[in-house]
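A short worksheet on the structure shown next.
Model, not experiment: these values are computed from the prediction.
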Amino acid sequence: MLAVIIALSIVAVVPLVLAWPHIGILAWYWFGLMNPHRLIWGTLENQRYALLIGAVTLLAWVVSKEAKRIPVSAVTVLLAALLAWITLTTLFAHLPEDAWDGWERAFKILLMTFVAIALINTRERIYALVWVIVVSLGFYGFKGGLFTLLTGGEYRVWGPEKSFIADNNQLALALIMTVPFIVYLYGQAEVRLIRIGLAVVGLACFFSIIGSQSRGAFLALCVMGVYLTLKSRHRLKMGALVVAISMVGIWFVPSSWVERMETIQSYEDDSSAMSRIRAWTFATEVALDHPITGGGFNVHFDESYFLRLVPGAEKNRNFHSAFFEMLGEHGFIGLAIFVSLLLATWLSFGRVVRDTAQSAELRWAHDLARMGQVSILGYASAACFLNLAFYDLFYVILAMAPMLSRAISAEEVVRTRTPTLRPVRAKGVPGA
């Protein structure tokens with residue numbers, strides 16, 4: 001039954017996309033983030049729905065009257081530089097065939113990021129995009145949180161198979177980035193029932209992250225909790241809430257979870273932690289071996305090369321860090337572009353926060369930019385230990401910075417061009 005619903009959804013969305021291309025962006029991120037087709041079995045599970053939606057969206061955008069110009073900003077320039085650089089590193093990749101597979105995935109993500117920046121250009125469209133993110137990943141957060149509560153945290157929470165977030169660590173990272181947007185929608189919602197629903201989903205996401213038993217995500221939760229407390233307009237309330245949720249979470253998890261988190265301090269005795277260090281060593285050695293272009297996508301697939309550069313390793317492993325992933329695959333220049341992109345997005349959100357601080361009409365953008373910074377901070381913290389350098393959610397959050405800047409500029413232009421009408425006093429009418 002679910003397979004039929006998903007197939008019918010595709011059939012229904014195509015004509016809507018042809019009429020309104022921005023709906024294609026919302027559908028693209030729904031499939032890219034939620035992966036609803038991974039919830040079914042059979043022939044329909046392995047169809048390339050996102051590719052179909054992306055192609056229709058591109059066609060509709062080209063033939064429509066929608067804006068074609070992508071705003072020039074530090075974020076968009078760095079996104080273009082990243083796309084150009086990963087193309088160059090792929091041309092000189094250590095494993096050409098595997099590298100082009102990785103490039104194809106990254107290219108599609110970056111291409112649709114640019115299309116999203118062009119099409120999601122109003123308050124209403126940005127708001128809809130945030131809802132798509134929260135619904136898509138909040139589903140797994142609620143599901144995983146409920147599972148953690150029912151099992152007492154004895155088992156790890158995993159994402160949908162054959163997706164970017166299939167691994168427990170990747171799912172936790174995605175939820176880390178999603179929680180700030182749940183907080184944002186909670187603050188914007190006026191309907192009490194919606195606020196209650198968002199609060200439940202947000203709390204479930206917390207337990208789902210705990211249930212993933214991801215140490216990197218745990219550290220990111222701590223960083224985000226401290227930042228939210230310091231930046232909140234109600235520090236005491238926020239601090240008390242963070243402490244209360246943390247105490248409940250720690251009380252609920254089993255001793256195996258506590259023991260796993262304690263290995264953060266004693267990493268020398270933990271085989272998983274040591275494998276990370278060996279993977280980081282490999283990334284560094286590859287970058288030194290190929291200082292300009294790095295090893296290209298999926299260079300770690302070459303086991304003999306891995307063991308030659310890291311003799312003490314048992315076998316080849318992925319990089320276990322988005323930053324070392326960029327360093328090993330795309331060299332020092334690729335890492336510099338990646339870090340600059342994070343910094344530029346943070347600063348862009350910061351400018352929106354400052355520019356809208358005194359405007360009640362733009363409070364929606366002010367709060368969203370603040371939560372965008374929290375999400376970026378959560379990603380940067382967790383990505384030190386988790387490899388997910390090319391993932392739809394990360395890049396759509398980066399794209400929100402230029403989206404917000406353009407949207408608030410457009411709203412300010414509309415307000416300045418709208419004449420203020422003075423009341424006309426009618427003759428002979430007292431008080432008119």
Stepwise, does the side chain to side chain contact (heavy atoms under 4.5 Å, CB included) test hold for D392 with F31?
CA-CA 10 Å; D392 305 68; F31 269 88; over 6 Å; no
Measure up the [X] and [Y] rings against each other and bin them: parallel (under 30°), tilted (30 to 60°), perpendicular (over 60°).
X	Y	value
W100	W103	perpendicular
F323	F338	perpendicular
F385	W280	tilted
Y391	F164	tilted

Before you tell me yes or no, could you show the steps for H290 and T89 under side chain to side chain contact (heavy atoms under 4.5 Å, CB included), namely the whole-Å CA-CA distance, both residues' side-chain angles and the distance that decides it to 0.1 Å?
CA-CA 10 Å; H290 305 277; T89 61; over 6 Å; no
Write down the atom of [X], the atom of [Y], and the distance for their closest heavy-atom approach.
X	Y	value
V396	L129	CG2-CD2, 3.7 Å
I165	A174	CG2-CB, 3.8 Å
P160	S163	O-OG, 2.6 Å
S208	V157	OG-CG1, 3.6 Å
L173	G378	CD1-O, 4.5 Å
A365	V352	O-CG1, 3.8 Å

Is the count of non-hydrogen atoms from other residues, nucleotides or ligands lying under 6.0 Å from [X] atom [atom1] greater than 12?
X	atom1	value
K143	NZ	no
F142	CZ	no
K315	NZ	no

Between [X] (side chain) and [Y] (backbone), is there a donor-acceptor pair under 3.5 Å?
X	Y	result
E329	N298	yes
W364	Q188	no
S348	A344	no
S375	P180	no
S405	P402	no
K68	A118	no
D302	V299	no
E325	A389	yes
H366	V353	yes

Could you tell me whether the side chain of [Y] reaches within less than 4.5 Å of the side chain of [X], counting heavy atoms only?
X	Y	result
T178	Y140	no
I133	Y29	no
W30	P36	yes
Y127	L368	no
L388	F394	no
Q170	N387	yes
I376	L398	yes
I210	L221	yes

Distance, nearest 0.5 Å, that separates [atom1] of [X] from [atom2] of [Y]:
X	Y	atom1	atom2	result
F107	F390	CZ	CZ	13.0 Å
S214	N168	OG	CG	6.5 Å
E361	T356	CD	OG1	11.5 Å
L404	R123	CG	CZ	11.0 Å
M400	I126	CE	CD1	8.0 Å
M403	L119	CE	CG	9.0 Å

Among V115, V132, I23, I53, which residue meets the side-chain contact (heavy atoms from CB on, under 4.5 Å) test with W28?
I53
Using the side-chain contact (heavy atoms from CB on, under 4.5 Å) definition, which of the options T57, V62, V63 pairs with L59?
V63
Derivation of the side chain to side chain contact (heavy atoms under 4.5 Å, CB included) call for V339 and L335
CA-CA 6 Å; V339 173; L335 176 62; 3.9 Å; yes
Is the distance between the ring centroids of H300 and F282 less than 6.0 Å?
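When the ring centroids of H300 and F282 are compared, they turn out to be at least 6.0 Å apart.
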Ring centroid separation for F319 and F324, is it under 6.0 angstrom?
no
Please walk me through it: do Q373 and Y227 pass side chain to side chain contact (heavy atoms under 4.5 Å, CB included)?
CA-CA 10 Å; Q373 285 187 316; Y227 183 82; 3.6 Å; yes
